Amino acid sequence: MTHSADSSQRGRRPGDPNETREAILAAARELFTTLGFDKASIRKIAARAQVDPALIPYHCGTKQQLFVAAMRAPINPVDVVAGIADGDLDGLGRRLIEAFLAVWDSPA
């Protein structure tokens with residue numbers, strides 16, 4: 001059986017590990033933007049970056065961590081919402097908007 005050059009590369013990508021991470025982040029940024037979080041799978045991102053899917057958790061962690069890194073978010077939105085939601089639904093909308101505005105106005 002012969003293998004063609006396709007997106008199913010296995011193992012470590014040749015070259016600088018920082019270039020691999022940047023290729024993953026660029027592919028993730030593009031697919032999260034065009035497909036959305038749910039449809040941008042780790043496999044699709046790996047194929048776009050031409051890396052083994054196992055390299056994504058190694059370089060970037062979970063899919064949520066990859067999203068935060070790819071979008072260059074100063075905070076993890078999941079952490080913020082979890083801290084705001086804390087079971088009390090009364091005033092949740094106000095707290096979400098206040099948190100969003102605090103991040104938006106932050107120089108970071």
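Model, not experiment: these values are computed from the prediction.
Remark: Tyr58 OH is loosely packed, at most 12 non-hydrogen atoms of other residues, nucleotides or ligands lying under 6.0 Å away.
Annotation for Ala70 and Arg29: closest pair O-NE, 2.6 Å, computed over non-hydrogen atoms. Considering all non-hydrogen atoms of both residues, Cys60 and Gln65 come closest at O-CB, 3.3 Å. Residue Lys44 comes nearest to Lys39 through the heavy atom pair NZ-O, 3.3 Å, listed as atom of the first residue, atom of the second, then distance. Residues Val51 and Thr20 come closest through the heavy atom pair CG1-CG2, 4.0 Å. Listed here is the closest heavy atom pair of Pro57 and Ala54: CD-O, 3.4 Å. Taking all atoms of both residues into account, the shortest heavy-atom contact from Leu66 to Ile42 is CD2-CD1, 4.1 Å.
Taking the six-membered ring for Trp and thresholds of 30 and 60 degrees, Phe32 and Phe67 have ring planes more than 60 degrees apart, a perpendicular arrangement.
Remark: the backbone N or O of Ala27 is not paired with any side-chain donor or acceptor of Arg48 at under 3.5 angstrom.
Here the side chains of Ile56 and Lys63 are not in contact, with every heavy-atom distance at 4.5 Å or above. Using a 4.5 Å cut-off on side-chain heavy atoms (C-beta onward), Leu25 and Glu22 make contact.
Going from atom CG of Leu35 over to atom CD of Glu30 covers 9.0 Å, rounded to the nearest 0.5 Å.
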